[in-house]
Amino acid sequence: MSETLETLLHDDLLERIRARASGYDRDNTFFDDDLAELAEAGYLRVLVPEEFGGLGWSLADAVQAQLRLAGAAPATALAVNMHLVWTGVAKVLRDRGDDSLEFVMREAGEGEVFGFGISEAGNDLMLFGSRSTAEPQPDGGYRYTGRKIFTSLSPAWTRLGTMGLDTESADAPKLVYGFIDREDPDVRSLDDWDTMGMRASQSRTTVLDGAYAASDRIVRRLEPGPNADPFIFAIFANFELLLAGVYSGIGARALDLAVAAARRRTSMKNDGRPLSQDPDIRWRIADAAIAQDALLPQLVSLARDVDEQVDHGQFWYPKLSSMKVRATETAKRVVDQAVRVSGGSTYFAGSELGRLYRDVLAGIFHPSDDESAHSTVANAWLGPIDA
């Protein structure tokens, strides 16, 4: 790395980000100041090669950085995640000899911010199907029409990676992946983000009314359904592992807060001794620590396997989806234990741990969800269910 994790995300920067998090959450506003500081520090370019103005980090470096950032401000980390996913996809493909997303690296190095416009209401096929349409144009471009939900970075992205279904071409149907510009008049961002948690991410609905992607911004035309194309693997790997980093960071911060609370709080039943001396409280913190400690080695190891192009064959997707589920479910468990240790003060608005309790719930809505992950793992080990 040209710059280390600790020097880029240094303590002073993280404390400023942490100090702003409660205000963004309370006011339901976007993390403008966080994004400006992170961009200035070069954080949006960590996965961009140095030749394009980036820092040249590995995916393993990036997931650890996201863990650290999420410990300060989960919503900020979650939203930045979506930009990092696209730069990570470009990196994974380039590492394997595919330069089809070189423009993503170049433009990210120049300061463009990439959004992730894939999710759709009622579409549980995710990467393998779409309710949106992709209409082919005479010049080789496409026009996209549809509604994309959970579009993090909505107030800030300048490029949006999206997809739609082409039903008109001679070889239709095809899922068409492309990138559109913010300036397109046929793109609208709705002001509809008012949620329980992850509020600063401002992951608003994006409406596409024939938004145009030029031919040189069309990066894949694929058959609907599961696909072995490296592009799909690259999206899946980056999305799952960077997301796991965010939720692992929430768990790590919750554990720190629980330890601090146990040392600070006292018990009148036990002659004013701190709760850190209470066997039940000690058990809860130990239980949380045992669960939390398992995540980072697994996460870094799997990300390093992506970097080093390890061949896990049919088990790649089960490993990635399992990592995401373990990270999010563990984070929920750790936060829950931390709340129980810290007591009723966490129930009041403004409590950092109370905010983490709300933020961590978002993990269950990100793919892969618990059900699909179990299905993926079962198919890998047992084969598909007989027709």
Side-chain angles (χ1 to χ4, degrees), residues 59 62-63 66-67 69-71 73-86 88-89 114-131 147-154 157 160-163 192-193 195-206 232-254 295 298-299 302-303 306 317-335 355-377:
L59 181 58
V63 296
Q66 281 295 85
L67 191 153
L69 178 58
T76 293
L78 179 67
V80 169
N81 219 55
M82 304 311 164
H83 171 86
L84 296 181
V85 165
W86 281 126
V89 169
F114 285 80
F116 196 78
I118 301 294
S119 296
E120 299 165 335
N123 177 15
D124 56 358
L125 293 174
M126 296 306 298
L127 295 175
F128 304 141
S130 180
R131 290 176 175 268
R147 295 168 71 94
K148 303 297 182 176
I149 61 172
F150 296 116
T151 314
S152 299
L153 289 171
S154 281
W157 65 260
L160 185 70
T162 191
M163 63 182 289
D192 61 350
W193 189 250
T195 53
M196 179 186 298
M198 292 294 188
R199 286 160 64 81
S201 71
Q202 290 300 301
S203 305
R204 303 170 184 175
T205 298
T206 302
I232 299 298
F233 170 77
I235 292 177
F236 202 82
N238 279 274
F239 191 92
E240 299 291 78
L241 295 178
L242 288 164
L243 196 69
V246 169
Y247 286 92
S248 297
I250 294 177
R253 177 60 177 171
L295 291 179
Q298 296 175 43
L299 181 56
L302 199 54
V306 175
Y317 285 92
K319 286 178 179 292
L320 293 166
S321 58
S322 297
M323 185 71 248
K324 181 270 173 180
V325 169
R326 276 197 303 276
T328 53
E329 294 298 323
T330 297
K332 285 175 57 188
R333 175 180 171 185
V334 171
V335 171
R355 174 164 46 82
L356 297 186
Y357 194 81
R358 292 182 286 108
D359 284 348
V360 78
L361 290 178
I364 67 175
F365 301 113
H366 301 296
S368 298
D369 62 25
D370 199 20
E371 294 84 0
S372 66
H374 279 77
S375 176
T376 298
V377 174

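Remember, predicted model here, so these are calculated numbers, not experimental data.
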Any Glu329 side-chain heavy atom under 4.5 Å of Ile364 side chain: yes
Exercise: identify the closest heavy-atom pair between Glu240 and Pro367: OE1-O, 2.7 Å
Student check: side-chain heavy atoms of Ile118 and Leu127 closer than 4.5 Å: yes
Any donor-acceptor pair under 3.5 Å from Arg253 side chain to Gly249 backbone: no
Min side-chain heavy-atom separation Ser322-Val377 under 4.5 Å: yes
Any side-chain heavy-atom pair of Arg358 and Met198 under 4.5 Å: no
Contact check, side chains of Thr376 and Ser321, non-hydrogen atoms, under 4.5 Å: yes
Shortest non-hydrogen separation from Ser154 to Thr206 and the atoms involved: OG-OG1, 4.4 Å
Leu84 vs Asn238 side-chain heavy atoms within contact, under 4.5 Å: no
Backbone N/O of Gly363 and side chain of Tyr247: donor-acceptor pair under 3.5 Å: yes
Sequence-distant partners of Trp157, ring pair (Phe, Tyr, Trp, His ring centres under 6.0 Å), two or more places apart: none
Aromatic ring proximity Phe365/Phe150, centre distance under 6.0 Å: no
Salt-bridge contact Lys148-Glu120 (side-chain N to carboxylate O under 4.0 Å): yes
Within-4.5 Å side-chain heavy-atom neighbours: Met323 and Gln298: yes
Check: Ala77 main-chain N/O paired with Gln66 side-chain donor or acceptor under 3.5 Å: yes
Positive for side chain to side chain contact (heavy atoms under 4.5 Å, CB included) with Leu242, one of Val63, Leu299, Leu78: Val63
Min side-chain heavy-atom separation Met82-Trp86 under 4.5 Å: no
Minimal non-hydrogen separation, Gln202 against Arg199, with atom names: NE2-O, 2.9 Å
Distance-minimising heavy-atom pair for Leu67 and Ser248: CD1-CB, 3.6 Å
